[in-house]
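Note sheet for the following structure.
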Amino acid sequence: MPATVSSSAQQVPHSRIRELAEIAMSMDGVLKLYFGESNVPTPEYIKRAAYKAMADGYTFYTENAGLPSLRQKLAEHYQQLHGVALDPASEIVITASGVQALNVGIRCALDPGDEALALTPAWPNGSANVALANAVAREIPHVLRGQRYGVDFDALEAALTSRTRLLVYTSPSNPLGWVATQEEQAGLLDFARRHELWLLADEVYERLYYRTAKLGEPAPSILRLATRDDAVMVVQSFSKSYCMTGWRVGWLVARRDLARKAAQLNEFIVSHAPSFAQRAAETALVWGEGELRKMLARLKENRDFCLAALRKMPGVTVPEPEGAFYVFPKIEGLTDSFDFCRRLLEQTCVGLAPGVAFGAGGEGALRLCYAAERTILEPALERLGLFLPSFPPIASRS
Ligand SMILES: Cc1ncc(COP(=O)(O)O)c(C=O)c1O
């Protein structure tokens, strides 16, 4: 038998966001709104902290669970932001990004053949990591009730099987901007407890939250409701709050047994996050609040600008996102969002992510990341507005 790529690796689906992005990367002059990142560079004070860390000798291996000083600062951060006490030595693991936290967390919760429930539309890496663990993701779409998305608890109950071990959700959500209310969090926690499941909350957009009296307050973490003995884990990252997407530093908060195992498995996956990047992340935590608030004010303005522009377009419905930095407009009559995005890209040089990339409930919509500058958002929305009337179901109405 010739050597082949394993069938279990073959069955991990491609990211359709990446597929669209790869077409865009072969073109010039694209207004890039398909990835979840801003075009604002990492703030200088964080870069300087990395240079200093290298000069100070942070160029060697660190602990698999990450630098104790960074874990300590994260524990203080949880105390300040959420009033939650965490043991930095046993409940926090530094990872080489949010997606690596997702990977190792899921790997520790699932055996081959197990099933995971995932609330969608969602960033595809959650379900893809379930597939990477040789398990099966069952996607449960959020339901739109009036102007707000909610959780379909009946569908969750109906999707349970004897192999279900995990429930994954993202709040604030990518792509919906939905933020779980305290009642929804309590419902998810109760569901996980009753059915003895792991509950994985992806909270990487926690700091990008707009439904607060004061910008800068975090979206409430599930850790406020759960006890440290609950089978709960939280995936986190420095990427979004501190414009550090290329640095690859994240973390996992988990019950002690899972956290210990995740730290050990890190040895065989990446060993640890880069040493000097971990030091720079400490600086981001300590000094980042001012920049974060400025970024939030700009993001909120961008969100409102995009909502107003989209709501003027025929056939477009878009609920107000409560967090993260995406709008997810639904286009009436759209049945192939990938084809729509490819044509939009080729004809207008506007790069959006197709809704189909986000799993069940995503088809028929487009995702636009509004973390870009206004000089990009304004022409992109103008071109989308001009392109839409050529879209058959909308053209046939006018
Ligand atoms: C919901 C969600 N979780 C996790 C991540 C991972 O971010 P990173 O791997 O850059 O830390 C992303 C990035 O887009 C995301 O959207």
Side-chain angles (χ1 to χ4, degrees), residues 65-95 98 101 105 151 167-173 177-193 198-242 249-260 262-263 278 281-293 295-297 299-300 322-324:
L67 290 171
S69 50
L70 176 55
R71 283 181 275 148
Q72 176 62 40
K73 288 209 169 54
L74 281 169
E76 288 160 17
H77 203 61
Y78 274 99
Q79 188 65 59
Q80 268 166 18
L81 289 181
H82 299 290
V84 165
L86 293 176
D87 175 16
S90 63
E91 291 167 338
I92 302 176
V93 180
I94 309 302
T95 54
V151 179
L167 168 58
V168 181
Y169 75 97
T170 310
S171 169
S173 147
W178 165 79
V179 178
T181 60
Q182 198 175 339
E183 204 184 351
E184 286 167 331
Q185 284 183 330
L188 291 167
L189 186 58
D190 172 64
F191 176 83
R193 282 176 178 160
W198 281 98
L199 182 63
L200 186 160
D202 182 335
E203 297 185 349
V204 307
Y205 295 99
E206 163 192 87
R207 302 305 308 274
L208 310 186
Y209 182 47
Y210 312 107
R211 276 186 67 135
T212 55
K214 215 165 77 228
L215 278 182
E217 280 169 28
S221 170
I222 189 71
L223 297 171
R224 293 186 190 183
L225 291 182
T227 73
R228 300 296 73 83
D229 292 324
D230 274 312
V232 165
M233 50 183 144
V234 167
V235 162
Q236 263 289 9
S237 170
F238 286 87
S239 287
K240 314 292 175 175
S241 313
Y242 305 104
V249 194
W251 72 92
L252 183 73
V253 176
R255 199 176 68 191
R256 290 167 297 281
D257 52 345
L258 191 138
R260 193 179 320 118
Q278 292 188 56
E282 281 181 41
T283 300
L285 276 181
V286 176
W287 298 104
E289 291 301 304
E291 290 282 344
L292 178 69
R293 269 156 231 251
M295 177 172 82
L296 282 171
L299 286 176
K300 191 165 185 238
E322 298 162 351

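This one's a predicted model, so the numbers in the text were calculated from it and none came from an experiment.
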Discussion item. Quick check: closest heavy atoms across E206 and S221, and the distance to 0.1 Å?
Written reply: OE2-CB, 4.1 Å
Worksheet, complete the sentence: dist M295:CE -> K300:NZ (nearest 0.5 Å) comes out at 15.0 Å
Item to complete: Report yes if the side chains of L258 and L252 come closer than 4.5 Å at any heavy-atom pair, otherwise no.
Response: yes
Discussion item. Quick one: does any side-chain atom of T170 pair with a main-chain N or O of D202 as donor and acceptor, under 3.5 Å?
Written reply: no
Fill in: Any R256 side-chain heavy atom under 4.5 Å of D87 side chain
no
Fill in: Side chains of V84 and R224 in contact at under 4.5 Å (non-hydrogen atoms)
yes
Fill in: Within-4.5 Å side-chain heavy-atom neighbours: R207 and L81
yes
Response to the item:
Note: R255 and D229 closest approach over all heavy atoms is CD-O, 3.3 Å
Discussion item. Out of the candidates E183, Q185, E184, only one should pair with V151 under the side-chain contact (heavy atoms from CB on, under 4.5 Å) rule; please name it.
Written reply: E184
Practice prompt. Go through the steps for V234 and I222 under the test side-chain contact (heavy atoms from CB on, under 4.5 Å), then give the verdict.
Written response: CA-CA 8 Å; V234 167; I222 189 71; 3.6 Å; yes
Discussion item. Under a plain distance cut-off of 3.5 Å, with no hydrogens placed, do H77 and Q236 share a side-chain donor-acceptor pair?
Written reply: no
Worksheet item: So do Y242 and V249 actually touch side chain to side chain, heavy atoms under 4.5 Å?
Response: no
Worksheet item: So, does S171 use its side chain to make a donor-acceptor pair with the main chain of V179 at under 3.5 Å?
Response: no
Discussion item. For E203, is there an ion pair with K240 - N to carboxylate O distance below 4.0 angstrom?
Written reply: no
Discussion item. Go through it in stages, so that I can follow the logic: the residues are R228 and L223, the test is side-chain contact (heavy atoms from CB on, under 4.5 Å), and I'd like the CA-CA distance, side-chain angles, deciding distance and then a yes or no.
Written reply: CA-CA 8 Å; R228 300 296 73 83; L223 297 171; 3.5 Å; yes
Worksheet item: Given V235 and V168, is the side-chain contact (heavy atoms from CB on, under 4.5 Å) satisfied, shown in steps?
Response: CA-CA 10 Å; V235 162; V168 181; over 6 Å; no
Item to complete: Indicate yes or no: at least one non-hydrogen side-chain atom of Q278 is less than 4.5 angstrom from one of R71.
Response: no
Worksheet entry | From CA spacing to verdict: side-chain contact (heavy atoms from CB on, under 4.5 Å), Y210, L299 | CA-CA 9 Å; Y210 312 107; L299 286 176; 3.6 Å; yes
Discussion item. Looking at every non-hydrogen atom in both residues, tell me the closest pair between M233 and A254 and how far apart they are.
Written reply: CB-CB, 3.8 Å
Practice prompt. Identify the heavy atoms of L296 and Y209 that sit nearest to each other, and give their distance.
Written response: CD2-N, 4.1 Å
Response to the item:
Distance col, row S241:OG vs E291:CD, nearest 0.5 angstrom, shows 13.0 Å
Worksheet item: How many angstroms lie between atom CG of L167 and atom CG of L189, to the nearest 0.5 angstrom?
Response: 10.0 Å
Worksheet item: Which heavy atom of E322 sits nearest a heavy atom of W178, and at what distance?
Response: OE1-C, 4.2 Å
Worksheet item: Do L74 and I94 come close enough that some side-chain heavy atom pair is under 4.5 Å?
Response: yes
Worksheet item: If you measure from CG on L285 to CG on L70, what distance do you get to the nearest 0.5 Å?
Response: 6.5 Å
Discussion item. Please give me the minimum heavy-atom distance between L208 and P172, naming the atom from each residue.
Written reply: O-CG, 4.1 Å
Worksheet item: Would you call P220 and Q182 a side-chain contact if the rule is heavy atoms closer than 4.5 Å?
Response: no
